[in-house]
Amino acid sequence: MRKRLKTGLFGGDCRADKLYIIGQLLDRLNDSGAEIYIQSEFHAFLKQALGRPPQVSGVLDGDRFDLDVALSVGGDGTFLRTAALINRRRIPILGINTGRLGFLADVSEDQIADALTELTEGSYRTEERMLLELQTAGGEFQGYNHALNEVAILKRDTSSMITIHTYLNGEYLTSYQSDGLLIATPTGSTAYSMSVNGPILLPQSDNIVLSPVAPHSLNVRPLVIPGSHSIRLVVESRTQSFLTALDGRSEVMQIGTELTVKKGSYTLNVVKPRHHTFYRTLREKLMWGVDGRVK
């Protein structure tokens with residue numbers, strides 16, 4: 001028996017040639033009898049872009065809402081912003097891809113119908129994804145202090161490296177002299193961390209990756225640590241400041257701010273269609289096993 005889903009749509013500005021996908025998504029949701037609620041900024045964009053208000057049950061404004069499922073419409077950046085809005089609510093998120101690669105937003109246009117059928121029939125599966133939590137002393141991070149992909153400590157406004165003194169469970173590890181340090185979840189291991197040669201972890205792994213960005217010493221390599229470890233960071237910089245970014249949400253912090261990163265106290269629920277597996281994603285998104293010589 002099909003369930004009348006209370007569905008929230010989250011997104012942002014998208015290319016004009018992708019609008020038809022959103023139109024088809026709305027039509028399919030309405031045909032299924034779903035209650036549709038759209039996040040306010042996304043609703044305003046669609047109203048202008050489509051030339052008419054979307055046919056929905058209501059608009060989500062602020063952080064007080066309750067849904068059966070959240071649909072993130074866009075790319076992986078949109079998915080990360082949706083995760084921040086969902087926060088601790090335990091609302092499962094399905095990523096509809098209108099962007100490019102799409103590791104998190106991995107449901108393509110031709111898969112939308114099947115994914116929505118699984119949602120309404122309750123036959124979908126969810127994966128729990130680890131989050132990282134940032135705590136600061138001497139300077140507070142003003143926004144949402146959790147990250148699904150990574151916490152990044154980066155230099156700013158100079159070509160000079162920064163020094164990041166790093167402690168694991170209170171024991172000194174090393175002082176990274178580099179352009180920065182990425183602390184990534186298993187989910188984030190295929191994001192920024194992978195671009196600096198960090199290892200790929202299975203999403204269900206209970207581990208954290210420390211990946212230096214352009215380290216001064218060539219013998220410094222990415223390190224995988226247990227998810228139970230607490231990471232304390234003390235930064236030195238010639239500019240007396242540095243950048244702290246959580247999934248791209250960044251703030252400038254002053255030298256003397258002590259950072260602690262650890263596994264979050266809650267997890268994020270990610271909806272995955274039944275035929276989607278991480279191994280298949282590696283083959284299709286990263287083209288594992290593809291011979292570039294074969295035309």
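Note: hydrogens, waters and symmetry copies are ignored here, and every other heavy atom, side chains too, is used.
- The hydrophobic clustering, which links ILVMFWY residues whose side-chain heavy atoms are closer than 4.5 Å, places Ile22 and Tyr37 apart.
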Open item on the list: Before you tell me yes or no, could you show the steps for Thr185 and Leu131 under side-chain contact (heavy atoms from CB on, under 4.5 Å), namely the whole-Å CA-CA distance, both residues' side-chain angles and the distance that decides it to 0.1 Å?
Closed with: CA-CA 7 Å; Thr185 66; Leu131 297 167; 5.8 Å; no
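- To the nearest 0.5 Å, atoms CG (Leu85) and OH (Tyr144) are separated by 9.5 Å.
- At a threshold of 4.5 Å between side-chain heavy atoms, the hydrophobic network of Ile, Leu, Val, Met, Phe, Trp and Tyr places Val224 and Leu168 in two separate groups.
- Considering only heavy atoms from C-beta on, Asn145 comes within 4.5 Å of Glu133 through its side chain.
- Side chain of Asn169 to main chain of Ser230: a donor-acceptor pair is present (N/O by atom type, distance under 3.5 Å, no hydrogens or angles).
- Side-chain N or O atoms of Gln55 include none that pairs as donor or acceptor with a backbone N or O of Asn30 at under 3.5 Å.
- Atom CD in Glu127 sits 10.0 Å away from atom CG in Leu202 (nearest 0.5 Å).
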- [ ] Would you sort out whether Ile255 and Val235 count as a side-chain contact (heavy atoms from CB on, under 4.5 Å), showing the intermediate values?
- [x] CA-CA 6 Å; Ile255 297 304; Val235 182; 4.3 Å; yes
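- Distance CD1/Ile36 to CG/Leu60: 11.5 Å, rounded to 0.5 Å.
- A donor-acceptor pair is defined here as one N or O able to donate and one able to accept, closer than 3.5 Å; no such pair exists between the side chain of Arg64 and the backbone of Asp61.
- The side-chain heavy atoms of Arg129 and Pro203, taken from C-beta on, include a pair separated by under 4.5 Å.
- Residues Ser189 and Ala184 come closest through the heavy atom pair N-CB, 4.4 Å.
- Ionic pairing of Lys263 and Asp206 is present here: one or more N-O contacts between side-chain nitrogen and carboxylate oxygen are shorter than 4.0 angstrom.
- Taking CG from Leu243 and OG from Ser250, the interatomic distance works out to 4.5 Å, rounded to the nearest 0.5 Å.
- Across Ala105 and Asp76, no two heavy atoms sit closer than the pair N-OD1, 2.9 Å.
- Between Phe10 and Thr78, the shortest heavy-atom contact is O-CG2, 4.1 Å.
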TODO: Start with the C-alpha distance between Phe79 and Leu268, add both sets of side-chain angles, then the distance that settles side-chain contact (heavy atoms from CB on, under 4.5 Å), and finish with yes or no.
DONE: CA-CA 12 Å; Phe79 194 101; Leu268 187 78; 4.2 Å; yes
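- Side-chain contact between Ile225 and Ile231 is present, with at least one heavy-atom pair separated by less than 4.5 Å.
- Both Leu233 and Tyr176 sit in one connected hydrophobic cluster of ILVMFWY residues. Membership requires side-chain heavy atoms under 4.5 Å apart, directly or through other members.
- The only member of Arg90, Met130, Arg88 that meets side chain to side chain contact (heavy atoms under 4.5 Å, CB included) when paired with Thr267 is Arg90.
- The shortest side-chain heavy-atom distance between Leu94 and Tyr124 does not fall under the 4.5 Å cut-off.
- Around the OH atom of Tyr279, the shell of radius 6.0 Å holds no more than 12 heavy atoms that belong to other residues, nucleotides or ligands.
- Checked by atom type, the side-chain pair Thr163/Ser175 shows no donor-acceptor distance below 3.5 Å.
- With respect to Asp106 and Lys272, a salt bridge is recorded, a charged nitrogen being found less than 4.0 Å from a carboxylate O.
- Ile38 is not listed as a side-chain neighbour of Phe45, based on a closest heavy-atom distance of 4.5 Å or more.
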Open item on the list: Please evaluate residues Leu286 and Phe103 with respect to the criterion side-chain contact (heavy atoms from CB on, under 4.5 Å), reporting the C-alpha separation (whole Å), side-chain torsions for both, the decisive distance (0.1 Å), and the verdict.
Closed with: CA-CA 10 Å; Leu286 298 184; Phe103 265 90; 3.7 Å; yes
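- Cluster membership check: Val73 shares its hydrophobic cluster with Leu19, using side-chain heavy-atom separations under 4.5 Å among Ile, Leu, Val, Met, Phe, Trp and Tyr.
- Lys6 is listed as a side-chain neighbour of Leu67, based on a closest heavy-atom distance under 4.5 Å.
- Gln24 CD: more than 12 foreign heavy atoms inside a 6.0 Å radius.
- Inter-residue side-chain proximity for Glu150 and Ile183 is flagged as unmet; no heavy-atom pair is nearer than 4.5 Å.
- Closest non-hydrogen pair, Asn149 versus Asp247, comes out as N-OD1, 2.8 Å.
- Few gaps surround NZ on Lys285; more than 12 heavy atoms of other groups in view lie less than 6.0 Å from it.
- Counting heavy-atom neighbours within 6.0 Å of Arg238 CZ, excluding the residue itself, gives a total of 12 or less.
- Within a 6.0 Å radius of CZ in Arg28, no more than 12 heavy atoms belonging to other residues, nucleotides or ligands are found.
- A pairwise comparison of heavy atoms in Ser72 and Ile93 identifies CB-CG2, 4.1 Å as the closest pair.
- Atoms CD and CZ, from Glu251 and Phe242 in turn, are 11.0 Å apart once rounded to the nearest 0.5 Å.
- Nearest heavy-atom pair across Ile164 and Gly180 is CD1-C, 3.9 Å.
- Under a hydrophobic-cluster definition in which Ile, Leu, Val, Met, Phe, Trp and Tyr are linked whenever side-chain heavy atoms come within less than 4.5 Å, directly or via other members, Tyr20 and Leu29 are assigned to the same cluster.
- The shortest side-chain heavy-atom distance between Asn97 and Val107 does not fall under the 4.5 Å cut-off.
- For the atom pair CG (Leu134) and NZ (Lys262), the distance works out to 11.0 Å, reported to the nearest 0.5 Å.
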